[in-house]
Each structure stands twice: as structure tokens, then as C-alpha cells.
Number of protein chains: 2
Amino acid sequence: MSSTPSNPNNNPAAANAGGAGGSSPTFSPLYQQIKALITQSLQSGEWKPGELIPSEVELANRFKVSQGTVRKAIDELAAENLVMRKQGKGTFVSTHHEARAHFRFLRLMPDEGVPHYPESKFIEVKRMRAPADVARLLDLKSGDAVIFVKRVQSFDGVPTIVEELWLPGLTFKGLTAERLEEYKGPMYGLFESEFGTRMIRATEKIRAVCAGADDAALLKITVNTPLLASERVSFTYGDKAVELRRGLYLTERHHYHNELN
Amino acid sequence: MSSTPSNPNNNPAAANAGGAGGSSPTFSPLYQQIKALITQSLQSGEWKPGELIPSEVELANRFKVSQGTVRKAIDELAAENLVMRKQGKGTFVSTHHEARAHFRFLRLMPDEGVPHYPESKFIEVKRMRAPADVARLLDLKSGDAVIFVKRVQSFDGVPTIVEELWLPGLTFKGLTAERLEEYKGPMYGLFESEFGTRMIRATEKIRAVCAGADDAALLKITVNTPLLASERVSFTYGDKAVELRRGLYLTERHHYHNELN
DNA sequence: AAGTGGTCTAGACCACTTT
DNA sequence: AAGTGGTCTAGACCACTTC
């Protein structure tokens, strides 16, 4: 009946994820499909951390959808910290080489003074076979190759954190103590630049423990000093676990900061 | 030049927050103004926790803006957990009387098994004058009346949490031990229903400490057992602090769970 | 001036819930 | 059938950045 030329939303299926059209029983909103396509380009490295991604208009043309649909997709990616929007300039792929990204994962704050990044001293870096518990958390098979890292971090020369890390050997092949020591800044920045693996999310379990003899020596504290113990599993795109990190935090001049929303 | 009748976005100032129009040097997007108006209605109790708020169409008519603008305002309120959308039914004011709300603030999870809410045993409830540190965190004057609460919480009969709370006496006038004891469920639910004060956000500082004699007795553990110590300040609308809570958590069969995004 | 993201509108249709 | 939120489009204009 309508004589107006408008014929919106014929859902041209222009942006399907490349599967066989029609046989898939699962449907999702267009903007979710667009979001998935953009995420794929991020994951594949088509657009690298720190780089500009195509403008909303260009993506809308490419995917044959309206700018508003692309916008909604990017809105969600921005909310998940995968990209950052800058008015007048464009949308950039998030990177760990930024002050603002550092404190998303470093939650230990000084009781007084401004937060800053600690210095690292590496105690041990070696290849080994994954123990059962590590393999389970990293979604590997027991005995698979992993890289083990142990380090102490200090704030203003005061040893405060002892950390042990396990990384999948396949993903981080070639990681050496020298490379770690010469790199300044968060490890996640190195992982992103050198190994193309970007941490985007993590879960953490925290408890209180007493310092053992070894850890007490490293932190220069007395045995049985109470410490925060954190077990963190980090994930990259596709919810793939790529790091297990167990840390002990001295909380005499620092605290773990959290926001409950 | 355009002959089309469309004259959108003349920004009719229909939805200004009631201030003197024109003299204010600060401008904000329309949807932010709408969001502020809706928040005011939430804060004033015009729409109470659990209730349905007016539909998007009705709010759009009321504020003389498009439905899309109201939608964007509500989108943000939903992201902040102030309201909950339910397709086909409407938008509801969030409430602490819900299973899904409980675990936003209770982060202590069992190492094994499904999370559930602990039972409370109240040790002490009294009115007192705010010590300096409490007053500072609650934005009161030192010596102002506060209500002090101390309780022990148990999971399956195992004492696990010792908590001390300080509440502004003015806001929580009439809070008694009896009322607390007969109430089942999270305190935030009681605060919301009985005192019209809804917690919407909190910040937390966490450290590791050793159990002292008193706390060890309450938790039935030995002195010097390591415990998680949490200091939480909770806020209601307008970033007003309304609770200080200091908790000690036994983390032998539980852990503090956190998601880093 | 041109390009980018940010806001706002108007209208269509869809999915879900209730009557 | 009517009402709600959810998706999608098309187009206008604004604010900011760069050329």
C-alpha cells in the first residue's frame, strides 16, 4: 500500500559469517554478526594493536549494512575494551602499550601516593612439561610444553610481588630470559608485540596465605608474614586461556583495589 | 534550500533539568539529561525497587524527545545495573531482593560446589559516635552518630566471615538487632526496603592479615591464621557514601572471585 | 573543506508477553 | 490484538581533528 520508496531491513544476509547460507539453525542480530566479523579481523591481525580501523561509513559499505548497525557493533567492542573511539580521529585497536591499559590488570595500589609500575627482576625462565593443575587451567594436556617464569617485582626498590607464570609453549615459543629482561613495561605488551597474543580478559581467585621460607627470602620479610595469593587465568580472543599467573603480594604498604558495580 | 519538511533536532530544551534556562554554561547531550531525570525519579522513590517504570514511548512523550533518545538513556542505566530490561514486559527498577543481585557484592565463593548465601549471627549492634577514620570515609563529621554492627557469617555452619559495619545514624535511624536478626537475606535488601537507601556501587581495598585473638575465637581458628581483610565503602545515588564495612574472610575453603575486563 | 565519531529523529519491522 | 523492548534503516546535524 505504501507508495514511499522505503524498503528498509530486508536483511540482505550480506554479512553472514561465511558459513553455508541457510543451513544454520542459529540466528543472531545483524550487529552481532558484524561484531563477530570485526573481532575476526582483530584476532587475525588484519588491524594491529594501536592501529586505526576503517571508519564506520567504510565498514557499513563493506558489510552492506547501515552505519547505525556498525556503530552498535563497535559500541560493544569499545565497552569490552577491544577498541577505543576517539572523536574526530577514528577507532583504534586497543593496546597494552598505554598507561591507561596498565592498571586494568595491575590492581595492587600504594596506600599513599600515586600508582606506578613496578620494576621486575627475573629469577627463573625455563621450558618444562605442564603439571596436571596447570594443564587443566590452560586447557592443555598434562605434559605439554609450557614456559615457566618466576620474577620479583619491586616498588621504589621494595620487593612486593613474587609471581610465577606458565605460558603455552606453542604460543610463546622463543621467549627467553634476555628478551624479558630487556623489555620495559608490562609483559602483556611484550606478548602482544612479539607473539601476536593479546590478553583481553582474566579471572582471578584471591586468598590469604602465610609466607614460606623461599618467598620470605625473596621479599625480604619474615616467615609467616601474611600475603595475598592470587591465581589468575588470562584469556585472549575466543576465550582461549593463554596464561596462568600465581602471585604473592605483600600488602603492608599496598592493597588490592576493586570496584563493585 | 531543502523542501523536505523534516526539521529534526531543534533541541527544544523541553527536558532541561529545571534550572534557569540559558544561564547555565554546561551542556550535555539530551540523552544524558534524560538519564539524569530518570535517575532522579529512581532516587526520589517515584518508581520503587522491583517496580515497572513507564515505557519508552511514554517517557519519550513525557520528555518530548524521540524514543531512541530515551532508549539510549535507559541503555546506560541498565549497564549500570540501576534498571533491568525485560523484553515484552518492560523496564524494572533493580532490587537487592533477587538472587542475581546477591553475588554482585558477595565475592567470596566456595572452592568447590555451588555458591550460596551464608547465615548471619549478630554479635553487637549499637549506636556510637563516629571515629575519625570512619567519619572521613562516610563523609561525616568526627563524632557524628553512627550505627555499629558486628556479625559472623557461616557457610554450612562453618564460621567464615567476621564483619564490622558503620552506617550513618541519620539515614538508618531505628535499625535494631532484632530487625536485623529476623531479616533473611542480604542486608542491602533490608536497607532498600526499610530505609529507602539502595546501594548501587562500592569500592573495596583488600589485604592479607593475621587473625588476632578475638577474631580467631569468633571464627574458631588458631591465632595468626592468615585472613583476607576487606574495607568496603558503599555508595547510593549521587555517589553518597552510606556504609563502611570491614570484613575478615577465612580463605581455606573459599576464595575471593574477581573478573578483570 | 573534508573526514571522523557523537547525537537525534522518524519510521519500519521483529520477538516476546499479556489480554 | 495490543503493548513492550529489540533491531535496523536513512538522514540530518554537531563536535572534533586534520589538511
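Labels below follow one simple rule: chain letters A, B, ... track the order of the sequence lines, proteins then strands, and each chain is numbered from 1. Please read all numbers here as calculations on a predicted model, not as lab measurements.
- Atom CZ of A/F27 and atom P of C/dC14 are 14 Å apart (whole Å).
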List the atom pairs, donor and acceptor, that lie under 3.5 Å between side-chain atoms in residues 237-244 of chain A and the rest of the protein, sequence neighbours left out.
{"from": "A/D239", "atom 1": "OD1", "to": "A/R201", "atom 2": "NE", "distance (Å)": "3.3"}
{"from": "A/D239", "atom 1": "OD1", "to": "A/R201", "atom 2": "NH2", "distance (Å)": "3.1"}
{"from": "A/E243", "atom 1": "OE1", "to": "A/Y188", "atom 2": "OH", "distance (Å)": "2.9"}
{"from": "A/E243", "atom 1": "OE1", "to": "A/S234", "atom 2": "OG", "distance (Å)": "3.3"}
{"from": "A/E243", "atom 1": "OE1", "to": "A/R245", "atom 2": "NE", "distance (Å)": "3.2"}
{"from": "A/E243", "atom 1": "OE2", "to": "A/R245", "atom 2": "NE", "distance (Å)": "3.3"}
{"from": "A/E243", "atom 1": "OE2", "to": "A/R245", "atom 2": "NH2", "distance (Å)": "2.9"}

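- Between the C1' atom of D/dT9 and the CG atom of A/L30 lies a distance of 11 Å, rounded to the nearest Å.
- At a cut-off of 3.5 Å, with distance as the only test, a side-chain donor of A/E192 or A/T95 sits close to an acceptor on the other residue.
- One can place CD of B/E56 at 11 Å from P of D/dT7, the figure rounded to the nearest angstrom.
- Remark: A/H97 pairs with no residue by the ring-ring contact (aromatic ring centres under 6.0 Å, His included) rule, at least two apart or across chains.
- Rounding to whole angstrom units, CE of residue A/M84 and C1' of C/dG5 are separated by 13 Å.
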If you look only at distance, which donor and acceptor atoms sit under 3.5 Å apart when one is on a side chain in residues 81-91 of chain B and the other is two or more places apart or in another chain?
{"from": "B/R85", "atom 1": "NH1", "to": "B/D75", "atom 2": "OD1", "distance (Å)": "2.4"}
{"from": "B/R85", "atom 1": "NH2", "to": "B/E56", "atom 2": "OE2", "distance (Å)": "2.2"}

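- Taking side-chain N and O atoms only, B/R85 has no distance below 4.0 Å to OP1 or OP2 of D/dT4.
- Considering only residues two or more places apart in sequence or on other chains, B/F172 meets the ring-ring contact (aromatic ring centres under 6.0 Å, His included) condition with B/F191, B/F195.
- We find that CG of B/L59 is positioned 8 Å from P of D/dG5, with the value rounded to whole Å.
- Contacts of B/Y117 classified as ring-ring contact (aromatic ring centres under 6.0 Å, His included), with partners at least two apart in sequence or in another chain: B/H102.
- To the nearest angstrom, P of D/dT4 lies 9 Å from CD of B/Q67.
- Contacts of B/D111 classified as salt bridge (Lys or Arg N to Asp or Glu O under 4.0 Å), with partners at least two apart in sequence or in another chain: A/R207.
- Residues satisfying the salt bridge (Lys or Arg N to Asp or Glu O under 4.0 Å) test with B/K72, not counting sequence neighbours, are none.
- Of the residues in residues 69-79 of chain B, those lying under 4.0 Å from DNA chain D by heavy-atom distance are B/R71.
- At whole-Å resolution of the value, CG in B/N61 and P in D/dT4 are 10 Å apart.
- Atom CD1 in B/I53 sits roughly 18 Å away from atom P in D/dG3 (whole-Å rounding).
- A 4.5 Å side-chain heavy-atom check between B/N261 and A/E80 finds every atom pair outside the cut-off.
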With both pairing distances under 3.5 angstrom for Watson-Crick or G-U wobble, and | for a partner in another strand, the correct string for DNA chain C is ||||||||||||||||||.
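- You'll find the ring centres of A/H254 and A/F155 inside the 6.0 Å limit.
- In this structure, of D/dT9, C/dG5, C/dT9, it is C/dT9 that holds the atom nearest to the side chain of B/V65.
- In this structure, B/S66 does not reach the C/dA10 phosphate: none of its side-chain N or O atoms is under 4.0 Å from OP1 or OP2.
- Taking the ring-ring contact (aromatic ring centres under 6.0 Å, His included) definition, one finds that B/W47 meets it with nothing, sequence neighbours left out.
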At a cut-off of 3.5 Å, list every protein nitrogen or oxygen paired with a nitrogen or oxygen from nucleotides 15-18 of chain C, distance to 0.1 Å.
{"from": "C/dC16", "atom 1": "O4'", "to": "B/Q87", "atom 2": "OE1", "distance (Å)": "3.1"}

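- Residues passing the salt bridge (Lys or Arg N to Asp or Glu O under 4.0 Å) test with B/D156: none are found, sequence neighbours excluded.
- When distances run from any side-chain atom of A/S55 to the nucleotides D/dT4, C/dT7, C/dG5, the shortest one goes to C/dG5.
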